[in-house]
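The block underneath contains the structure these notes are about, expressed in structure tokens.
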2 protein chains.
Amino acid sequence: MSRDGSSTRERILDAAERLVIDNGFAATSVDRVIADASSSKGAFFHHFQSKNDLAKALVERYAAADRAHLDEAVAHVRALDVDPAGRVLAFVELFERGADELMSAQSSCLYVSVLTERDLVNSGTTADIEPAITAWRDQLSRLLSEALPEEGTVDTDALADHLFVTFEGAFILSRATGDKAHMRRQLHVLRQLLTSLLARPHAASARAPKARFNP
Amino acid sequence: MSRDGSSTRERILDAAERLVIDNGFAATSVDRVIADASSSKGAFFHHFQSKNDLAKALVERYAAADRAHLDEAVAHVRALDVDPAGRVLAFVELFERGADELMSAQSSCLYVSVLTERDLVNSGTTADIEPAITAWRDQLSRLLSEALPEEGTVDTDALADHLFVTFEGAFILSRATGDKAHMRRQLHVLRQLLTSLLARPHAASARAPKARFNP
DNA sequence: GTTGTATCAGACTGTCTGGTCTGCTGCACT
DNA sequence: AGTGCAGCAGACCAGACAGTCTGATACAAC
């Protein structure tokens with residue numbers, strides 16, 4: 001490890017993370033990574049056994065930051081002096097307020113880039129992603145079940161997953177349209193939807209018209 | 001064009017679509033595509049000027065099918081004898097019911113695979129995606145505004161985008177967890193949320209606790 | 001039959017890629 | 001001063017890659 005603040009390994013990871021998020025993993029060459037990191041082939045393969053090993057390190061670091069972000073947000077809303085429903089809404093609002101800053105920092109999510117490549121998933125390189133998602137589900141599901149005392153009406157796990165789904169979907173939508181404001185808008189929509197659900201959870205079972213659809 | 005039902009060009013597109021959705025565009029070689037399509041280099045470059053040209057044709061075909069699917073669904077719910085809110089819910093329910101079949105046919109969305117590669121986006125290869133998304137937004141936004149007479153309370157465009165966001169996000173979640181049932185579950189969650197919103201649209205403006213968050 | 005053309009087949013090529021190898025440098029420890 | 005080793009530089013290599021080229025085949029038009 002070098003003496004200054006950013007080690008060569010960290011510089012490589014930083015450059016690789018940006019490139020992989022922007023261009024995808026397969027489209028990112030290690031030559032380009034080391035050029036952006038002002039490093040060399042020797043340094044790269046000293047720190048990483050292979051390109052796939054880089055992907056694994058990338059996912060590990062990203063997932064760890066993701067979980068830290070989650071824990072911080074949960075601790076924050078748990079410290080608020082509001083009712084359980086207010087905690088859930090404050091939780092979503094936290095990310096809604098941070099959305100523009102997030103989108104200016106990164107154009108998409110690393111998870112999308114690596115999950116797109118099946119061999120990375122099959123080789124276990126992306127194994128750290130699922131526990132991170134589960135952590136989001138578990139924490140938000142707990143907040144939700146505290147705010148939705150009526151059991152059985154709503155699948156709080158699936159509802160909790162919907163925040164992750166909104167994040168990832170908004171990243172895709174932003175990519176497709178070039179409009180980074182979609183993240184904030186979609187989180188706002190989610191908060192509006194949750195507001196009405198939490199106000200009358202007993203109405204959660206949707207009526208079913210006799211619709212039939214054959215594509 | 002050959003005489004049997006599936007032309008060589010279509011066989012190449014079929015094979016390429018599956019490979020690109022599964023492995024990503026950069027990770028899909030034309031050698032692999034022609035092998036899966038039982039074709040040859042000569043045939044490939046006779047039908048497509050370049051690999052990027054294949055991507056463009058792939059997106060065009062996929063987006064056209066996407067829009068046809070949308071139009072069919074809209075026509076279906078517009079023919080139902082239900083109130084405007086019932087149409088919206090029937091619309092979502094249509095895709096909820098088709099979710100398992102969809103997920104068994106394809107493991108992800110082509111849009112995700114091609115949007116991940118920035119050079120495809122920058123070169124205009126993915127230009128057909130945005131109009132397709134806009135079509136979804138416009139159609140669903142109209143259904144929503146008919147069901148939400150109070151103007152100004154809800155951004156129906158953003159709310160309409162949330163269906164697309166749910167689709168794409170659920171694809172990502174399924175990839176990450178290996179559980180294809182997430183698509184159906186997430187569409188069900190969306191329908192529950194819309195049910196409560198449509199039942200009391202006047203409560204849509206979320207209260208704002210004094211939360212502040214510095215990541 | 002001849003010509004023309006659309007549709008292919010597959011060998012070939014130049015470039016790019018992940019990965020290896022040899023060696024250099026500077027610091028730690030004795 | 002000598003030794004060892006982590007950290008790094010960059011030349012190098014074998015394979016994979018997108019794209020080219022020369023033809024072969026089949027069929028239509030005349």
Side-chain angles (χ1 to χ4, degrees), chain A residues 1-20 22-59 113-114 116-126, chain B residues 1-17 19-20 22-59 113-114 116-120 122-126:
Chain A
M1 196 185 307
S2 71
R3 264 111 248 94
D4 61 352
S6 70
S7 68
T8 299
R9 193 185 137 96
E10 288 298 314
R11 282 209 328 278
I12 291 176
L13 285 172
D14 289 343
E17 184 175 306
R18 191 159 2 98
L19 286 168
V20 170
D22 277 1
N23 307 333
F25 181 70
T28 299
S29 68
V30 343
D31 279 352
R32 180 65 197 278
V33 170
I34 61 179
D36 281 22
S38 302
S39 188
S40 68
K41 271 280 176 70
F44 183 96
F45 285 99
H46 173 76
H47 289 290
F48 307 100
Q49 289 183 8
S50 65
K51 197 191 169 191
N52 271 24
D53 192 42
L54 166 72
K56 198 177 176 197
L58 232 33
V59 170
S113 294
V114 296
T116 302
E117 323 243 345
R118 193 179 50 177
D119 60 322
L120 290 181
V121 178
N122 289 348
S123 63
T125 307
T126 60
Chain B
M1 194 183 307
S2 73
R3 264 108 245 97
D4 61 351
S6 69
S7 68
T8 300
R9 192 186 137 96
E10 287 300 312
R11 285 209 326 280
I12 291 175
L13 285 172
D14 288 343
E17 183 174 306
L19 286 168
V20 170
D22 276 2
N23 307 333
F25 181 71
T28 299
S29 68
V30 343
D31 280 350
R32 180 65 196 277
V33 169
I34 61 178
D36 281 21
S38 302
S39 186
S40 68
K41 270 281 174 68
F44 183 95
F45 284 100
H46 173 74
H47 289 290
F48 307 99
Q49 288 184 8
S50 66
K51 198 190 168 191
N52 272 24
D53 191 43
L54 166 73
K56 198 178 176 194
L58 232 33
V59 170
S113 294
V114 295
T116 302
E117 323 243 344
R118 193 179 49 179
D119 58 324
L120 291 182
N122 289 348
S123 63
T125 307
T126 61

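In this model, the phosphate group of C:dA9 is approached by a side-chain N or O of B:Ser39 to a distance below 4.0 Å at OP1 or OP2. Contact annotation: B:Ser50 does not reach the phosphate of D:dA18 (side-chain N/O to OP1 or OP2, under 4.0 Å). Between C:dC8 and B:His47, a contact under 4.0 Å exists linking OP1 or OP2 to a side-chain N or O. The shortest distance between the side-chain N/O atoms of B:His46 and the OP1/OP2 oxygens of C:dC8 is not below 4.0 Å.
Salt bridge annotation for B:Asp36-B:Arg32: present, with a cationic side-chain nitrogen under 4.0 angstrom from a carboxylate oxygen.
To the nearest angstrom, C1' of D:dC8 lies 14 Å from CZ of A:Phe48. Between the P atom of D:dA9 and the CG atom of A:Asp31 lies a distance of 14 Å, rounded to the nearest Å. Note: CZ (B:Phe44) to C1' (D:dC17) measures 12 Å, nearest angstrom. Atoms CG (A:Leu54) and P (C:dT17) sit 15 Å apart, rounded to a whole Å. Atom-to-atom, CD1 of B:Ile34 to P of C:dT7 comes out at 18 Å; the value is rounded to the nearest Å. We find that CD1 of B:Ile12 is positioned 9 Å from P of C:dA9, with the value rounded to whole Å.
When heavy atoms are screened at a 4.0 angstrom cut-off, B:Ser38 is found touching no nucleic acid atom at all. In this structure, B:Lys51 reaches the sugar-phosphate backbone alone: every heavy-atom distance under 4.0 Å involves primed, P, OP1 or OP2 atoms, never a base.
Atom CG of B:Leu13 and atom CZ of B:Phe48 lie 4.0 Å apart (nearest 0.5 Å). Between atom CZ of residue B:Phe25 and atom CG of residue B:Leu54 there is a gap of 6.0 Å, rounded to the nearest 0.5 Å.
Along DNA chain C, the nucleotide nearest to A:Gly42 and the one nearest to A:Val30 differ in position, and the one closer to the 5' end is contacted by A:Val30.
Side-chain atoms of A:Phe45 lie closest to C:dG18 of the nucleotides C:dG18, D:dC8, D:dT20. Listed nucleotides: C:dC12, D:dG10, D:dA6. Nearest to the side chain of B:Lys41: C:dC12.
Across B:Leu120 and B:Ala55, no two heavy atoms sit closer than the pair CD2-CB, 4.3 Å.
Between the A:Glu117 side chain and the B:Ala27 main chain, no donor and acceptor come within less than 3.5 Å of each other.
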